[in-house]
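A quick write-up on the structure given underneath.
Please read these numbers as outputs of a predicted model, since none were measured by experiment.
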Amino acid sequence: APRELVWKVWTEREHLAQWFGPKGCTLSIEQFELRPGGRVLYTMRWQGQGEMRGKWVMRTVQPPERLEFVTSFADAQGRTVRAPFADQWPLEMLSVVTFEPHAGKGMGTVISLQTTALGATTGEQKVFDDGHASMTGGWGGTFDQLDAHLAKLG
């Protein structure tokens, strides 16, 4: 998909709610302030399995090229909390997403996502590093949903 469309589905509330999150979850977005210092608060729900809340605190919003945000798990009031699945998971992570035009066939967009632990202890960094395969799987499903959402729009 063209970069402008890919940017739009990442940066507009109604689109993000349609595809973001691991496969099998539904997403509701409670707060959406896409500006430096703004917050995106969301809840992921799985039928019969409960819910998890997350938060992005935006650092950089550079259309249509780059998003930077601090990612964390959150409670219902938007306060940063420990991950529900690992006591030693870092409290915060920095996510950098870039959108580059693909020069090849189809003139699509290359999305790069880098996530690093912020202020992690040695133990938290190890748990984060050991969780790489799980994060790759979760993001793989999320990107599959992004592809499907873009296909509906194109």
Going by the salt bridge (Lys or Arg N to Asp or Glu O under 4.0 Å) test, which pairs reach into residues 65-76, not counting sequence neighbours?
R66-E68, D75-R79
In terms of heavy-atom contacts, T142 and G21 come closest through OG1-O, 2.9 Å
For R59 and P36 the tightest heavy-atom approach is O-CB, 3.5 Å
Under the rule for side chain to side chain donor-acceptor pair (under 3.5 Å), what residues qualify as partners of E100, not counting sequence neighbours?
none
Can you see which heavy atom on W7 is nearest to which on V61, and at what distance?
CZ2-CG1, 3.9 Å
Side chain to side chain, S72 and L91, heavy atoms closer than 4.5 Å
no
Do K23 side-chain atoms and G141 backbone N/O form a donor-acceptor pair below 3.5 Å?
no
Got a second to check how far L27's CG is from M52's CE, nearest 0.5 Å?
11.0 Å
Smallest separation among heavy atoms of K55 and A74, with atom names:
CB-CB, 4.0 Å
CZ/F32 to OG1/T11 distance, rounded to the nearest 0.5 angstrom?
6.5 Å
At what distance, to the nearest 0.5 angstrom, does CD of E124 lie from CG of D129?
12.0 Å
Co-membership, hydrophobic cluster, residues L5 and L16, 4.5 Å side-chain
yes
Check step by step if side chain to side chain contact (heavy atoms under 4.5 Å, CB included) holds for L34 and M58.
CA-CA 7 Å; L34 203 71; M58 304 307 298; 3.6 Å; yes
Between T43 and E30, a side-chain donor and acceptor under 3.5 Å:
yes
Which value, rounded to the nearest 0.5 Å, describes the distance between L113 atom CG and F99 atom CZ?
9.0 Å
Closest non-hydrogen atom pair between W46 and G24, with its separation
CD1-O, 3.5 Å
Of all heavy-atom pairs linking S28 and R45, the shortest is OG-NH1, 2.8 Å
With heavy-atom distances below 4.5 Å as the criterion, would you say the side chains of I111 and V6 are in contact?
yes
If hydrophobic clusters are built by linking Ile, Leu, Val, Met, Phe, Trp and Tyr wherever their side-chain heavy atoms come under 4.5 Å apart, do F73 and L41 end up in the same one?
no
If two hydrophobic side chains count as joined below 4.5 Å and joins carry through other members, does V127 share a cluster with L118?
no
Are W10 and V110 co-members of a hydrophobic cluster defined by side-chain heavy atoms under 4.5 Å apart?
no
For the NZ atom of K8 and the CG atom of L150, what is their distance to the nearest 0.5 Å?
11.5 Å
Taking the side chain as everything from C-beta on, heavy atoms only, tell me whether Y42 gets closer than 4.5 Å to W56.
yes
Inter-residue atom distance Q114.CD - T98.OG1, 0.5 Å rounding
7.5 Å
L94 and W89: same hydrophobic cluster, using ILVMFWY side-chain contacts below 4.5 Å?
no
Give every residue pair that meets the side-chain hydrogen bond (donor to acceptor under 3.5 Å, both in side chains) criterion with at least one member in residues 12-22, sequence neighbours excluded.
H15-H149
If the plane angle is over 60° it's perpendicular, under 30° parallel, otherwise tilted; pick one for F20 and W139.
perpendicular
